[in-house]
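Proteins come first, then strands; the chains are lettered A, B, ... in the order of their sequence lines, and each starts at number 1. Worth knowing before you read on, the calculation uses all heavy atoms, side chains too, and leaves out hydrogens, waters and symmetry mates.
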Number of protein chains: 2
Amino acid sequence: MALLSIKPRPCTDPNCRGQHAPAERVALAMSLCDARGAQLTKLRRKILELLWESGRPTGAYELVEALKLRDSRPVGPPTVYRALEFLISQGLVSKIESRNAYIPCAHPERRHDCLFFICSNCGAAIELEDQRLEGLISEDAALIGFRATRRVVEVEGTCARCIAAGAA
Amino acid sequence: MALLSIKPRPCTDPNCRGQHAPAERVALAMSLCDARGAQLTKLRRKILELLWESGRPTGAYELVEALKLRDSRPVGPPTVYRALEFLISQGLVSKIESRNAYIPCAHPERRHDCLFFICSNCGAAIELEDQRLEGLISEDAALIGFRATRRVVEVEGTCARCIAAGAA
DNA sequence: AAATGCAACGTTATAATGTTGCATTTAATC
DNA sequence: GATTAAATGCAACATTATAACGTTGCATTT
């Protein structure tokens, strides 16, 4: 496929802020799924592309609308939710629980739970990775004998850009 | 009021797991609101009581149902949501974002964001406080110039009791 | 090629969660 | 008691998510 001709480059920078070109990210997703024997179908890929292009956490129904505009063939909510479920299961997308919205994951090649900073002003979300945070949570879990399977860490506030632009 | 005759005792144990009697917690809530000039009305108090009695994160519509059974007068969703909004604003209740459910806060007398461990098996949530975690998040926020206003930390998994009971 | 199996996708309806706007009641203040 | 702000009641609505059932397309077997 054409998109596979773009060389996927796993990013190894733990301080990376996820500034990668959408096309590059989609290509990486394809190569990852290929390696795993998972099917990143046309629809799933399109949804992943839309998420990358959106640049902020996007609701499932926004995706339904976006697909209507983009394609002749409209899709229903269940279809979008199923695609999201797949993308999440592959670590390609995360759900922002505090917003009921979905965001592509900058580093699907690494197995990790992300830390999200979500701007109340502009709606943008910044993804970060912090091993120490995961360690601390594991420690607290151990303290109460809890076996953790998923970590949700979401911080709401104002992003640097909006602070600079004078947004309270 | 009768409930105020129960002496509220702010708990100062940072490792406390929140094992306090519901009545004691409600009494503390009343004294806190009183001191702040906030009105913990009958309805709001009843909802707080229901949350304490429930023992696990409880949905808004479950509260609507519970109030129907408990009282002659049924209340609608907006009423419950508004009461929850008040309780949250006073730090008496937290929303568990990953469940769309609400849980009373064990230590409303301290200003802090909580860390929740939610059991996928039994639905119980354990509230913890970890200053170090808040510190790390602040540090990461500073790194990207983000001004945080709210922290959501929710860990899904299996609680000690369910592990002991043989639940996978 | 016909039959079979299976994963993904489509369609309709509905459940679950949350909000708006306005009328009414309650309760704090004068 | 009159005034006024806050809280509550209520109907309709908006948003998010899933259930239930059916279809399509492709791979494998017969």
*Return yes if some donor-acceptor pair links the side-chain N/O of Ser54(A) with the main-chain N/O of Leu50(A) below 3.5 Å, else return no.*
no
*In the single-linkage hydrophobic clustering (I, L, V, M, F, W, Y; side-chain heavy atoms under 4.5 Å), do Leu133(B) and Phe116(A) co-cluster?*
no
*Ile118(A) and Ile126(A): same hydrophobic cluster, using ILVMFWY side-chain contacts below 4.5 Å?*
no
Using atom [atom1] of [X] as one end and atom [atom2] of [N] as the other, report the distance to the nearest whole Å.
X        : N       : atom1 : atom2 : value
Arg99(A) : dT17(C) : CZ    : C1'   : 17 Å
Ile96(A) : dT16(D) : CD1   : C1'   : 16 Å
Leu43(B) : dG9(D)  : CG    : P     : 6 Å

_Among residues at least two apart in sequence or on other chains, which ones pass side-chain hydrogen bond (donor to acceptor under 3.5 Å, both in side chains) with Glu139(B)?_
Arg132(A)
*Non-neighbouring partners of Arg99(B) that pass side-chain hydrogen bond (donor to acceptor under 3.5 Å, both in side chains), sequence neighbours left out*: none
_Arg25(A), Lys46(A), Arg70(A) screened by salt bridge (charged side-chain N to carboxylate O under 4.0 Å, His left out) with Glu53(A), the one that passes_ = Arg70(A)
_Taking atom CZ as the centre, does Arg161(B) end up with more than 12 heavy-atom neighbours from other residues, nucleotides or ligands that are less than 6.0 angstrom away?_
no
OP1 or OP2 of [N] under 4.0 Å from side-chain N/O of [X]:
X         : N       : result
Thr79(A)  : dC9(C)  : no
Asn100(A) : dT15(D) : no
Lys95(A)  : dT16(D) : no

*Return the 5'-most residue of the pair Ala83(A), Tyr102(B) with respect to DNA chain C, ranking by each residue's nearest nucleotide.*
Ala83(A)
_G-U wobble or Watson-Crick pairing nucleotide for dT30(D) (cut-off 3.5 Å, both distances)_ = dA1(C)
_Counterpart base for dC6(C), defined by Watson-Crick or G-U wobble contacts under 3.5 Å_ = dG25(D)
_Classify Thr41(B) by what it touches in the nucleic acid, base, sugar-phosphate, or nothing, heavy-atom distance under 4.0 Å._
sugar-phosphate
Scan nucleotides 19-28 of chain C against the protein and return all N/O pairs shorter than 3.5 Å with their distances rounded to 0.1 Å.
| unit_1 | atom_1 | unit_2 | atom_2 | d |
| --- | --- | --- | --- | --- |
| dG21(C) | O6 | Arg82(B) | NH1 | 3.4 |

*Of the listed nucleotides dT17(C), dT8(D), dG10(C), the one nearest the side chain of Arg44(B)*: dT8(D)
*With DNA chain D as reference, determine whether Val75(B) or Gly59(A) sits nearer its 5' end, using the nearest nucleotide of each.*
Val75(B)
